[in-house]
Amino acid sequence: MSETGPVTYDFTLAEPRWQTAWADARAFSAPDVPEPGRPKCYVLEMFPYPSGQLHMGHVRNYALGDVVARYKRAQGFQVLHPMGWDAFGLPAENAARERGVHPGTWTMDNIAAMRTTLKQLGFSFDWDREIATCLPEYYGKQQKLFVDMYRAGLVERRQSAVNWDPVDNTVLANEQVVDGRGWRSGALIEKKLLSQWFLAITKFAGPLRDALATLDRWPERVRIMQERWIGRSEGARVRFPLVSPPEPFDADLDAVEVYTTRPDTLFGMSFVAIAADHPLAQKVGVRNPDAQAFIEECRRLGTSEEAIEAAEKRGFDTGLRVANPFDPERQSPVWIANFVLSEYGTGAVFGCPCGDQRDLDFARKYGLPVPVVVLPQGEDAETFTIGATATTGAGTLINSGFLDGLATTDGKRAAIERLEAMGVGRGVVNWRLRDWGVSRQRYWGCPIPFVHCESCGVVPVPDDQLPVVLPEDVRFDRPGNPLDHHPTWKHVACPQCGAAAVRETDTFDTFVDSSWYFARFTAPHADAPTVPAAANGWLPVDQYIGGVEHAILHLLYARFFTRAMAETGHFAVEEPFAGLFTQGMVTHESYRDQSGWLYPDEIERRADGAFRRDTGAVVEIGRSEKMSKSRRNTVSPVAIIERFGADTARWFVLSDSPPERDMEWTEAGVAAAARFGQRLYRVVTAVAASPSVSDDGTISPAAEALLRATHRTIAAVTSALDDMTPNVAVARLHELTSSLAEAERAEGAGLDAARREAARTLCLLVAPMMPHLAEDMLALIEPGGPMAVARPWPKAEEKWLAVTQVTLGVQVGGKLRGTIEVAPDSPAETVLSLAEAAVAHAIDGRRIVKRVHVPNRIVNFVVAG
RNA sequence: GCGAGCUUGGCGGAAUGGUAGACGCACGAGACUUAAAAUCUCGAGUUCGAAUGAACGUGCGGGUUCGAGUCCCGCAGCUCGCACCA
């Protein structure tokens, strides 16, 4: 320690200085197309919604991505690391309604504020590639993509139900419907049919599912979630003819078609159940007021309280009957049932109570027959009966005509063959995945580029008339979609016939915007949506990082869009994200007293509790949970940067918790991070301050120890960063810092050189995490040298990794009883005799039954008795 | 109900089947200081013991192994996701 007192690092000066230096050097700009011969790495974090301010979750997400980007750059990769804004969405319209700000103004102001924070954090983004989805240069290209997909047959228009708020006269998103009522008006929400746009994601259901197996750098659980969401099943569609349908029935309603995965159990059929929305149910409802009442009840319950009603399976007997195709003598009733989903399969099922628990519950409740057709393994056909539990597993088919004696799996195949031969059914593959409805009746979104013409129908806006730009002059003073209300915007000439026509006033679901932004980043300013050479060169994203909440929708939509863009010739890539990392949340304790929740700023946290800063009163401490405004357990990144600097914030979010797990934000933790930064700075700059010593090439034990520590740390930090465990890297860097501090108090030949090497190495290893501090220290150690961002990653040298001595644990009967020091790879006899001597007291004269020697690891003596 | 994950000191966490608890926080002792802060050094799983040391110890119960936090079987608790998918 110098006489002049502690040296301190002033981040308020250093951080802006290095940010400017990096920008001036264009240190993070990526080539348009990666140069051949050098590896590329596309690092991407999920881009933020510009809500107004960055939160700690963002800091964690982007700090992690920045470590990867900076590390890969140092390893010689050409790195693409862009940033942009998911800038369309409802909050902007809400702000407009509540505060009279234009959504565009609100959004761009928010972007400006958040961009400032990101820049202050020193993330190594290529800012020249910044995009915002709300700008016509982005969403116009999206319109082009949509028209291309329309021409390729990937876009469809069809009727679909929306949540309609009859008081506000507006369409609500699902999350705006709370307990079946509008969040704002409180009105009972109605289902209303509108003609809407759909992307044919189901056309890719097979490939999207199959390719999951190739995504080996994705978390297993995300792949499982997607697989279940896509939901492939194999079964059969079977037509059951209605037995003597009553007179006014249409010809096309003379049968009920069901989807089943268990055609093998057709002989066990007890009833057919149809959804309340099924055309046949509608038909019955017209003639039968009781049926109509039941149907309406089903619809009401359908919206929200399904969780409560889930247990209650209810049905209504229509009085209609169908014949079993395998045995026309056997007839079964047709029920309308609240548990049948109209959107899945055919909206109708056949019930086989003995083989399906839900069917069994239903049959028991309404006294329907329970024919036994599946005999479980080990049961006797004479004595086996069904009680309260159905036989859902495999078994042998009985009472099933031509299927008797077959195993259920073989019976399934045989039943399908017979159905197909008879022409009453066929084997099909069914998917749970539905097409993606992208229409939103909103202003602040990308206009859907179509025109409705009375004579030409639906006409895409021609390429030379794109983009269809959102009008600026809109009013939010009445409910509904301002685009629809606009006096002139929607009135245009038909692009095809020139007659007066009307624009589509719906805009895209904002998930569309985020389904291709990663591709746009590869050529963000191109006139076309992509430049194939750039996209093919950079894609796929090598490491994508974001929250697990996007495990299904965003990631599935992006995977679909990638395939659709490939099919429409925008590039030749099938999967957008080769590597995916889902990071955990940032949590914090919450505090409350009689007056309600308190911000962390308002309390003082001590070992013995939490106290109000103003009154000193005791405050109740709640458990640590996700930071949220409602609990006021938030910490503002802006305030943290001001107080501690960007590097401290970054270091802290990378320390301790492995990134896939939740991390707890604590004051003590940030303080520790800040303290370490200062300590590191003192230790490293002490090396810079000490006079250079000439050296004759000899290396004292102290110097050797430091060199070994240095190179061990290089190896450890490298593998930690490869494994995405920056918390482990942090621990190893703490250790090397301590080793260097220790070496400063030592003396010996070669120590000066060793210390300089250790200090320089520390700078480089720390740089991905605390880049400003690293630059500052490096500039002091090697004035005039290149910046850290321009230097290669240090290389661990073998000669310093080799160990000269190993400590072996010596066990007796598997319990540690001592340790010995030996040269590596010492002969077994030497090791064993040393070891035996070391634990003689524990062996205590007992006979050694077995000697286990694992070279350089452990010795274990198994003793008798 | 189905699926996934997690469970290690007072706390966050570390640990290719081989010395459990690295690193950090909080805590304690000491140095420096008139004092405090800052900084530095040292200590510490629990229990017993003055101590060399011993017993116990990675949610619980079994198993494999010379050796299990790690592998296998069963169970519990917590978290998340999906939830009548025929």
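Throughout, a chain's letter reflects where its sequence line sits, starting with A, and its residues are numbered from 1. Worth saying up front: this structure is predicted, and the values here are computed from it rather than measured.
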Any base atoms under 4.0 Å from A/Val340, or only sugar-phosphate, or nothing? Heavy atoms, all strands. base
OP1, OP2 of B/A83 versus side-chain N and O of A/Arg358: anything below 4.0 Å? no
Under the salt bridge (Lys or Arg N to Asp or Glu O under 4.0 Å) test, residues paired with A/Asp264 that sit two or more places apart: A/Arg262
From the options B/A54, B/C85, B/A4, select the nucleotide whose nearest atom is closest to the side chain of A/Arg434. B/C85
Nearest-neighbour nucleotide for the A/Ala668 side chain, B/C85, B/C23, B/A26 considered: B/A26
Would you say the base of B/A22 and the side-chain of A/Arg732 have a donor-acceptor pair closer than 3.5 Å? yes
Given Watson-Crick and G-U pairs under 3.5 Å, RNA chain B in dot-bracket ([ ] crossing, | other strand) is (((((((..(((.....[....))).(((((.......))))).((((....))))..(((((..]....))))))))))))....
Would you say the base of B/A86 and the side-chain of A/Arg262 have a donor-acceptor pair closer than 3.5 Å? no
List every contact pair, protein side and nucleotides 64-70 of chain B side both N or O, where the distance is under 3.5 Å.
from: B/C66; atom 1: O2'; to: A/Asn860; atom 2: ND2; distance (Å): 3.1
from: B/C66; atom 1: O2; to: A/Asn860; atom 2: ND2; distance (Å): 2.8

Of the candidate nucleotides B/G81, B/C56, B/A14, which contains the atom at the shortest distance from the side chain of A/Arg661? B/A14
Please tell me whether A/Arg559 and A/Gln226 have a donor and an acceptor in their side chains that are separated by less than 3.5 angstrom. yes
Using the P atom as the point on both nucleotides, what is the distance between B/C78 and B/C73, in whole Å? 23 Å
For A/Asn430, which contact category applies under a 4.0 Å heavy-atom criterion: base, sugar-phosphate, or nothing? nothing
